[in-house]
J.: 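Below is a structure I'd like to ask you about.
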Amino acid sequence: MEWCVSLPKVELHAHLNGSIRDSTLLELARVLGEKGVIVFSDVEHVILKNDRSLTEVFKLFDLIHILTTDHTTVKRITQEVIEDFASENVVYLELRTTPKRNDSIGMTKRSYMEAVMEGLRAVSPVDVAFAPHNDDAGSLRESLPINDAGDGKRKKIYVRLLLSIDRRESTAAAMETVKLALEMRDLGVIGIDLSGNPVVGEWMTYLPALEFAREHGLYVTLHCGEVPNPKEIQAMLDFIPQRVGHACYFEEDDWKKLKHYNIPVEICLTSNVVTASVSSLDVHHFADLYNAKHPIVLCTDDAGVFSTSLSNEYKVAASAFGLGKREMFQLAKDAIEFTFADDGVKQDLRNIFDLATKKLD
Ligand code: 6MZ
């Protein structure tokens, strides 16, 4: 495990509100319990539960959103989540979150995202490079020396943001999210994700917003095949997104299409097994894709909800699929090529891995 922690890593599939520390959730629940908004003892049990079906996961997210959807908390959890990833040597993080409206406290999708940006700026134990084309603190930090803990330099993490469309949303709400992403490009927003409860909603509802995103140069990644839905899987693959997440319920034709278009897959091992989207690691599609040299990247999905970390996902992959240190290092390094980052950042990341090669031997 220690080796997996010291390995530099790239995280491409992490939901902000799924990555919150249990301790923070419990603290927030306690405060709301004292105010009489919720019954703390009921909520405590739900937060600390270990095994959850996919349906229970989405019930938990509704609860988490009650606890977190105000500006101060959104800022706090963003800061903590980035610090947690950086502390386990994640050197590049694409963090995704659903911009939310909460009329009762005057929250708009934009003000939600502004709170996220404040959280990014508030991170202090590590340097956060998040805004490539801007004159604010982000660009100054962007040019700081590369991450090399142990040589006296401060750690650095690149952070890019993906704005999620929740499958419960209307076409208009999805479009609002894409427009917001376009307006926040200079602040490190680089793409759009489609997520949310996979048994809810229709592909055609989101398609106009996703097409608009693509026409305007945003990257798109889709939660695809988390439940059996052959028609939707085919439609999603025909869209040719830049990446897909999960790919659990793919059939022969879907694999063919995925491979034909060479679409990288964000693999979330613990999440898939806990939610029973895959019955066990022995039958997980990681093995086939890895052996076929198809582009894949190990990710956490929801480190808080599934009590995991990216280092743990590497450890799990190593023991389940017999990967040695060399294979794990290569897997982590290959992920650079599937990021939505620009060439300069990719080169910086390659340098970080090259420097690490000597230390990790
Ligand atoms: C689909 C998921 C997910 O956006 O509030 N989310 N969507 N499948 C999953 N696998 C288990 N895990 C998380 O983060 C939480 C939201 O991300 C999506 C859901 O829409 C969830 O409400 P944010 O920061």
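Both backbone and side-chain heavy atoms feed into the values below; hydrogens, waters and symmetry mates do not.
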J.: Taking all heavy atoms of Glu83 and all of Ser124, pick out the closest pair and write down the distance.
T.: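 Heavy atoms only, the tightest pair is OE2-N, 3.7 Å.
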
J.: Would you give the length of the straight line joining atom CD1 of Ile240 to atom CG of Asn262, rounded to the nearest 0.5 angstrom?
T.: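 Atom-to-atom, Ile240:CD1 and Asn262:CG are 11.5 Å apart.
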
J.: Considering non-hydrogen atoms only, spot the tightest contact between Thr68 and Val74 and give its length.
T.: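 Nearest heavy atoms, Thr68 then Val74: O-CG2, 3.5 Å.
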
J.: To check you understand the geometry: which heavy-atom pair defines the closest contact between Asp166 and Tyr206, and what is its length?
T.: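 In terms of heavy atoms, the two residues are closest at O-CE2, 4.4 Å.
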
J.: Do any N or O atoms from the side chain of Lys49 and from the backbone of Asp51 form a donor-acceptor pair under 3.5 angstrom?
T.: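 Yes, Lys49 side chain to Asp51 backbone: donor-acceptor pair under 3.5 Å.
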
J.: Looking only at side chains, do Asp253 and Gln234 share a donor and an acceptor under 3.5 Å apart?
T.: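 Side chains of Asp253 and Gln234: no pair found under 3.5 Å.
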
J.: Ignoring hydrogens and angles, tell me if any N or O in the side chain of Glu226 forms a donor-acceptor pair with the backbone of Pro198 under 3.5 Å.
T.: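 It does not hold such a pair.
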
J.: How long is the straight-line distance from CG of Asp348 back to NZ of Lys156, given to the nearest 0.5 Å?
T.: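 Here the interatomic distance stands at 5.0 Å.
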
J.: Look at the side chain of Thr171 and the backbone N and O of Thr205, then say whether any donor-acceptor pair between them is shorter than 3.5 Å.
T.: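 Yes; judged by distance alone, with no hydrogens or angles, the pair exists.
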
J.: Just so I know, are the side chains of Pro241 and Tyr219 near enough to count as touching, which here means a heavy-atom distance under 4.5 Å?
T.: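 SC-SC contact between Pro241 and Tyr219 ruled out.
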
J.: For a 4.5 angstrom cut-off between non-hydrogen side-chain atoms, does Asn17 reach Asp302?
T.: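 Side chain of Asn17 against side chain of Asp302, heavy atoms only: no contact under 4.5 Å found.
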
J.: Taking the six-membered ring of Phe130, is the NZ or CZ of Arg121 close enough (under 6.0 Å from the centre) and on axis enough (within 45°)?
T.: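 Judged by the rule (NZ or CZ under 6.0 Å from the ring centre, within 45° of its axis), Arg121 is not positioned above Phe130.
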
J.: side-chain contact (heavy atoms from CB on, under 4.5 Å) for His284 and Phe321? Distances and angles first, verdict last.
T.: CA-CA 10 Å; His284 197 285; Phe321 309 111; 4.1 Å; yes

J.: So how far is it from Arg30 CZ to Leu26 CG, rounded to the nearest 0.5 Å?
T.: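 So the gap between those two atoms works out to 6.0 Å.
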
J.: Consider side-chain hydrogen bond (donor to acceptor under 3.5 Å, both in side chains). Of His15, Glu11, Glu313, which one does Thr300 pass it with?
T.: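 So, applying the side-chain hydrogen bond (donor to acceptor under 3.5 Å, both in side chains) to Thr300 and each of His15, Glu11, Glu313, only Glu11 qualifies.
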
J.: Would you name the heavy atoms of Gly245 and Glu266 that are closest together and state the gap between them?
T.: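 In this case the closest contact between Gly245 and Glu266 is CA-OE1, 3.4 Å.
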
J.: If we ignore angles and hydrogens, is there a donor and acceptor under 3.5 Å between the side chains of Gln347 and Asn351?
T.: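 Asn351 and Gln347 do have a side-chain donor-acceptor pair below 3.5 Å.
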
J.: Taking Lys9 for the side chain and Cys4 for the main chain, is one N or O donor matched with an acceptor at less than 3.5 Å?
T.: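 Pair found, side chain donor or acceptor close to backbone of Cys4.
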
J.: Please determine, by modelled atom types, if Asp334 and Gln330 share a side-chain donor-acceptor pair under 3.5 angstrom.
T.: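 Yes, Gln330 and Asp334 have a side-chain donor paired with an acceptor closer than 3.5 Å.
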
J.: Given the ring of Phe340, does Arg243 sit roughly above its face, with NZ or CZ under 6.0 Å from the centre of the six-membered ring and within 45° of the axis?
T.: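 Satisfied, under 6.0 Å and within 45°.
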
J.: Classify the angle between the aromatic ring planes of Phe329 and Phe353 as parallel (below 30°), tilted (30 to 60°) or perpendicular (above 60°).
T.: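 The arrangement is perpendicular - the two ring planes meet at more than 60°.
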
J.: Would Leu48 and Glu44 count as a side-chain contact (heavy atoms from CB on, under 4.5 Å) here? Give the steps.
T.: CA-CA 6 Å; Leu48 295 177; Glu44 182 187 28; 4.0 Å; yes

J.: Enter the distance from Cys224:SG to Ile263:CD1 here, rounded to the nearest 0.5 Å.
T.: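 Result: 8.0 Å between the selected atoms.
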
J.: Report the residues that fulfil salt bridge (Lys or Arg N to Asp or Glu O under 4.0 Å) with Asp193, sequence neighbours left out, ordered by chain and then residue number.
T.: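 For Asp193 the salt bridge (Lys or Arg N to Asp or Glu O under 4.0 Å) partners, ignoring immediate neighbours, are Arg96.
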
J.: Determine, step by step, whether Ile157 and Leu93 satisfy the side-chain contact (heavy atoms from CB on, under 4.5 Å) criterion, reporting the C-alpha distance in whole Å, the side-chain angles of both residues, the deciding distance to 0.1 Å, and the verdict.
T.: CA-CA 7 Å; Ile157 181 169; Leu93 164 66; 4.0 Å; yes

J.: Does Phe286 reach the side chain of Leu281, with side-chain heavy atoms less than 4.5 Å apart?
T.: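 Side-chain contact under 4.5 Å: no.
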
J.: Does Lys259 NZ have over 12 foreign heavy atoms under 6.0 Å away?
T.: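 It does: Lys259 NZ has more than 12 such atoms within range.
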
J.: Quick check: do Val81 and Leu95 have side-chain heavy atoms less than 4.5 Å from each other?
T.: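 In short, these two side chains touch, coming nearer than 4.5 Å.
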
J.: Do Gln242 and Thr221 get their side chains close enough for a donor-acceptor pair, meaning under 3.5 Å?
T.: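 Side chains of Gln242 and Thr221: no pair found under 3.5 Å.
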
J.: If you compare all heavy atoms of Thr308 against all heavy atoms of Asn312, which two are closest, and at what distance to 0.1 Å?
T.: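 Heavy atoms only, the tightest pair is OG1-ND2, 3.0 Å.
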
J.: Tyr92 and Glu94: side-chain donor and acceptor closer than 3.5 Å?
T.: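 Yes, Glu94 and Tyr92 have a side-chain donor paired with an acceptor closer than 3.5 Å.
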
J.: Calculate, to the nearest 0.5 Å, the distance between atoms CG and CD1 belonging to Asn272 and Ile267 respectively.
T.: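 Nearest 0.5 Å value for the CG-CD1 distance: 7.5 Å.
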
J.: Kindly check if the number of other-residue, nucleotide or ligand heavy atoms within 6.0 Å of CZ (Arg101) is above 12?
T.: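 For Arg101, atom CZ is not crowded (no more than 12 foreign heavy atoms under 6.0 Å).
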
J.: Side chains of Thr177 and Lys109: donor-acceptor distance under 3.5 Å anywhere?
T.: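 The criterion, which ignores hydrogens and geometry beyond distance, is satisfied for Lys109 and Thr177.
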
J.: His260 side chain to Lys256 main-chain N or O, any donor-acceptor pair under 3.5 Å?
T.: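 Judged by distance alone, no pair lies under 3.5 Å.
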
J.: Kindly check if the number of other-residue, nucleotide or ligand heavy atoms within 6.0 Å of NZ (Lys315) is above 12?
T.: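 No, the 6.0 Å shell around NZ holds no more than 12 heavy atoms from other groups.
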
J.: Tell me if the centroids of the rings in Phe239 and Trp203 come within less than 6.0 Å of each other.
T.: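 So the answer is yes for these two rings.
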
J.: Can you find a heavy atom in the side chain of Thr97 that is under 4.5 Å from one in the side chain of Met113?
T.: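 SC-SC contact between Thr97 and Met113 confirmed.
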
J.: Pick one: which of Tyr249, Phe250, Trp255 meets ring pair (Phe, Tyr, Trp, His ring centres under 6.0 Å) with His285?
T.: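 Passing option: Trp255.
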
J.: Give the ring-plane orientation class for Phe61 versus Phe58, where under 30° counts as parallel, over 60° as perpendicular and anything between as tilted.
T.: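 Taking Phe58 first and then Phe61, their aromatic rings sit tilted (interplane angle of 30° to 60°).
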
J.: Please report the closest heavy-atom contact between Ala335 and Val297, naming both atoms and the distance.
T.: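 Shortest heavy-atom contact: CB-CG2, 3.6 Å.
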
J.: Could you check if a side-chain atom of Ile296 sits within less than 4.5 angstrom of a side-chain atom of Leu331, using non-hydrogen atoms only?
T.: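 Ile296 vs Leu331: side chains touch.
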
J.: Taking the side chain as C-beta and beyond, is there a heavy-atom pair between Leu63 and Lys59 under 4.5 Å?
T.: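 No; the side chains remain at least 4.5 Å from each other.
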
J.: Does a side-chain N-to-carboxylate-O contact under 4.0 Å join Glu202 and Lys231?
T.: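 The answer is no: the pair does not qualify as a salt bridge.
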
J.: Quick one: does any side-chain atom of Ser111 pair with a main-chain N or O of Met107 as donor and acceptor, under 3.5 Å?
T.: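 Side chain of Ser111 to backbone of Met107, a donor-acceptor pair under 3.5 Å: no, none is there.
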
J.: Any chance you could lay out the side-chain contact (heavy atoms from CB on, under 4.5 Å) test for Val244 and Met236, step after step, and finish with the verdict?
T.: CA-CA 9 Å; Val244 293; Met236 284 183 167; 5.9 Å; no

J.: Would the number of heavy atoms belonging to other residues, nucleotides or ligands and lying under 6.0 Å from CG of Asp343 be above 12?
T.: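 Atom CG in Asp343 is not crowded, with 12 or fewer foreign heavy atoms closer than 6.0 Å.
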
J.: Measuring from atom CD1 of Ile66 to atom CG of Leu32, what distance do you get when rounded to the nearest 0.5 angstrom?
T.: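 Separation between the atoms: 8.5 Å.
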
J.: Does CZ belonging to Arg326 count more than 12 external heavy atoms closer than 6.0 Å?
T.: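 Incorrect, the count does not exceed 12.
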
J.: Are any of the side-chain nitrogens in Lys346 or Glu337 under 4.0 Å away from the carboxylate oxygens of its partner?
T.: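 Looking at Glu337 together with Lys346, the answer is no, because their closest N to O distance does not fall below 4.0 Å.
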
J.: May I ask you to decide if Thr24's main-chain N or O and Arg76's side chain share a donor-acceptor pair within less than 3.5 Å?
T.: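 No; zero donor-acceptor contacts below 3.5 Å.
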
J.: Any side-chain to backbone donor/acceptor pair from Glu56 onto Ser53? Under 3.5 Å, distance only.
T.: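 Looks like yes, one N/O pair under 3.5 Å.
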
J.: Determine whether a donor-acceptor pair (N or O, by modelled atom type, separation under 3.5 Å) exists between the side chain of Arg52 and the backbone of Val305.
T.: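 Yes, the answer is positive, given that a donor and an acceptor are paired below the 3.5 Å cut-off.
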
J.: Is a donor from one side chain sitting under 3.5 angstrom from an acceptor on the other, for Asn102 and Tyr112?
T.: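 Per modelled atom types, Asn102 and Tyr112 side chains form no pair under 3.5 Å.
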
J.: Main chain of Glu2, side chain of Ser6: is a donor-acceptor contact present, judged purely on distance under 3.5 Å?
T.: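 Indeed, once roles are kept as given, a pair shorter than 3.5 Å links the two residues.
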
J.: Go through the side-chain N and O atoms of His223 and His13 and say whether any donor and acceptor fall under 3.5 Å apart.
T.: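 His13 and His223 do have a side-chain donor-acceptor pair below 3.5 Å.
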
J.: Within the structure provided, determine whether Leu258 and Asp254 are in side-chain contact (heavy-atom separation under 4.5 Å).
T.: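 With C-beta onward as the side chain, the pair stays apart.
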
J.: Regarding Asp70 and Thr73, is there a side-chain donor-to-acceptor distance under 3.5 Å anywhere?
T.: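 Judged by distance alone, the side chains do pair up.
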
